[in-house]
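Below is one structure, written out as structure tokens; the observations come after it.
All values below were derived from every heavy atom in this structure, side-chain atoms included, with hydrogens, water molecules and symmetry-related copies excluded. Lettering of chains follows the sequences in order, A, B, ..., and the numbering in each one begins at 1.
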Number of protein chains: 2
Amino acid sequence: MTSDAPARRMTRDERREQILDAATAVFARGGYAGTSTDQVARAAQVSQPYVVRLFGTKEELFREVFDRVASEIVARFEAVPPGPGAKSAMGEAYTRLIADPDQLRVLMHGFVLGSDPVLGTRAREVLARAFDLYRTRAGASDEEARDFVARGMLLNTLFAVQAPAHADDDPVLAVLVRCTVDPSDGPGRAAAGEAR
Amino acid sequence: MTSDAPARRMTRDERREQILDAATAVFARGGYAGTSTDQVARAAQVSQPYVVRLFGTKEELFREVFDRVASEIVARFEAVPPGPGAKSAMGEAYTRLIADPDQLRVLMHGFVLGSDPVLGTRAREVLARAFDLYRTRAGASDEEARDFVARGMLLNTLFAVQAPAHADDDPVLAVLVRCTVDPSDGPGRAAAGEAR
DNA sequence: GACGCTAGTTATCGACTGATAACCTGTCAA
DNA sequence: TTGACAGGTTATCAGTCGATAACTAGCGTC
């Protein structure tokens with residue numbers, strides 16, 4: 001009945017999307033070098049050679065995965081309308097990524113491969129864009145925008161090392177996690193007016 | 001004379017240190033999965049099997065490399081005496097790591113492997129310790145300390161994607177790099193007395 | 001109802017990698 | 001000298017990986 005898949009046939013583009021989804025999850029753990037095209041294939045329920053053929057190269061596949069993640073994150077920031085509420089809205093936009101940690105991890109794996117010309121360029125674009133958007137949309141200073149992006153990187157790192165899951169082990173870590181994930185300052189104080 | 005190495009014999013511990021140095025450089029680019037024990041061996045001018053024998057396992061080797069880097073970074077923070085100058089001193093301590101970007105990159109590669117129980121634990125310790133030291137040594141608030149650690153992660157990322165080298169390509173990126181590498185707020189004012 | 005296109009597979013390969021085993025060699029002590 | 005231990009090498013392997021080639025099968029259409 002519904003048990004075994006009838007091996008439906010998909011269009012090339014449908015398959016690409018499906019494989020990209022699977023690849024995002026698999027690359028998230030493992031990273032680029034630590035993940036085989038076969039793992040991706042199995043996750044997508046496709047044969048390994050087909051994965052290679054559709055994307056040409058493992059490297060190309062990773063680039064597409066990274067690009068997809070990067071684009072979506074940037075798009076979220078761009079969706080925030082300028083104005084007084086922009087600061088908290090952008091903070092929330094990034095925090096919402098926690099719901100899908102795979103994206104954060106892929107992002108980090110891409111950053112770490114910054115030596116690659118293509119990936120590096122794309123990575124720099126993402127960082128610069130996020131920085132700039134926070135400045136313009138939220139009317140923030142360079143330093144505020146830097147701290148915003150920095151907090152994002154810290155969030156990535158904390159999730160990569162599974163800090164939230166181990167917060168109970170170390171009270172200090174717990175504090176760091178809490179005040180990063182749920183920024184008590186930033187939006188609150190800053191939006192209210194940080195004339196000091 | 002001094003031309004070709006006479007293939008001096010070293011003690012086991014000397015060799016270990018030498019290999020760890022070489023491994024730090026090689027792992028910095030490439031990361032764990034993307035680096036072969038043979039690359040490490042060549043960098044250290046030793047045969048590949050010897051590297052494996054000395055450390056038991058590639059994984060174990062990477063752990064030692066990471067541990068070494070982590071320890072040194074923590075040690076730098078711990079060396080800062082408490083007091084009013086502590087904030088800028090700790091900022092400078094981390095910024096000085098820029099002189100040896102290999103350490104930053106190894107650190108990041110370790111973070112990204114946070115799923116590994118051993119590495120993950122060590123990584124969380126480093127982050128929590130840096131956070132705590134900044135609070136206690138500099139008498140900073142949780143939020144300030146978080147921003148300090150976050151800035152460190154951003155610094156790592158910017159170097160990983162070679163942002164400083166490409167600052168000329170994008171003026172926005174240039175601003176981000178400048179105000180991260182040379183923090184004009186926080187420490188800057190106090191220490192260097194940068195009345196621009 | 002066969003043709004042709006596109007989705008997808010199985011078979012296979014050459015390169016590489018981490019690890020093991022067996023062997024060699026410098027150096028110091030008796 | 002010789003012995004013996006620590007430092008270090010060459011030879012080798014089983015497994016894995018990315019990629020290519022050749023083949024198969026669904027599906028619309030004339």
Inset, instruction - Indicate whether any N or O donor in one side chain lies under 3.5 Å from an N or O acceptor in the other, for B:Thr24 and B:Arg105. - result: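 No, because no side-chain N or O of B:Thr24 sits under 3.5 Å from a partner of the opposite role on B:Arg105.
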
Legend entry - Interface residues of residues 38-56 of chain A with DNA chain C (non-hydrogen, below 4.0 angstrom):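 Listed by number, they are A:Val46, A:Ser47, A:Pro49, A:Tyr50, A:Arg53.
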
Inset, instruction - May I ask you to list the residues of residues 12-25 of chain A, by number, that have any heavy atom positioned under 4.0 Å from an atom of DNA chain C? - result: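 Nucleic-acid contacts, sorted: A:Arg12, A:Arg15.
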
Inset, instruction - Would you kindly check whether a donor in the side chain of B:Arg9 faces an acceptor in the base of D:dA6, or vice versa, at under 3.5 angstrom? - result: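 Result: at least one qualifying N/O pair found.
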
Legend entry - Phosphate OP1/OP2 of C:dA19 contacted by B:Thr57 side-chain N/O (<4.0 Å):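 Yes.
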
Inset, instruction - Would you tell me if any nitrogen or oxygen in the side chain of A:Thr37 comes within less than 4.0 Å of OP1 or OP2 on D:dG18? - result: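 For D:dG18, OP1 or OP2 has a side-chain N or O of A:Thr37 closer than 4.0 Å.
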
Inset, instruction - Mark yes or no for whether B:Lys58, through its side chain, and B:Thr35, through its backbone, hold a donor-acceptor pair below 3.5 Å. - result: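 Looks like yes, one N/O pair under 3.5 Å.
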
Inset, instruction - Identify whether A:Val177 and A:Leu104 are in the same connected component of the hydrophobic contact network (ILVMFWY, side-chain heavy atoms under 4.5 Å). - result: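 Linked within one cluster.
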
Legend entry - Same apolar cluster: B:Ile98 and B:Met153, side chain cutoff 4.5 Å: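 Yes, same cluster.
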
Inset, instruction - Find the distance A:Met10:CE to C:dT9:C1' and express it as a whole number of Å. - result: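 Rounded to the whole Å, the gap is 17 Å.
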
Legend entry - Contact check, side chains of A:Thr136 and A:Asp132, non-hydrogen atoms, under 4.5 Å: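 Yes. Closest side-chain heavy atoms under 4.5 Å.
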
Inset, instruction - Would you please classify the geometry between the A:Tyr94 ring and the A:Phe148 ring as parallel, tilted or perpendicular, with 30° and 60° separating the classes? - result: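 It falls in the perpendicular class, over 60°.
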
Inset, instruction - Can you label the angle between the A:Phe27 ring and the A:Phe62 ring as parallel, tilted or perpendicular, going by 30° and 60°? - result: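 Plane angle over 60°, so perpendicular.
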
Inset, instruction - Would you mind checking if B:Glu92 and B:Arg96 are paired as a salt bridge, meaning a charged N to carboxylate O distance below 4.0 Å? - result: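 Result for this pair is yes, salt bridge flagged.
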
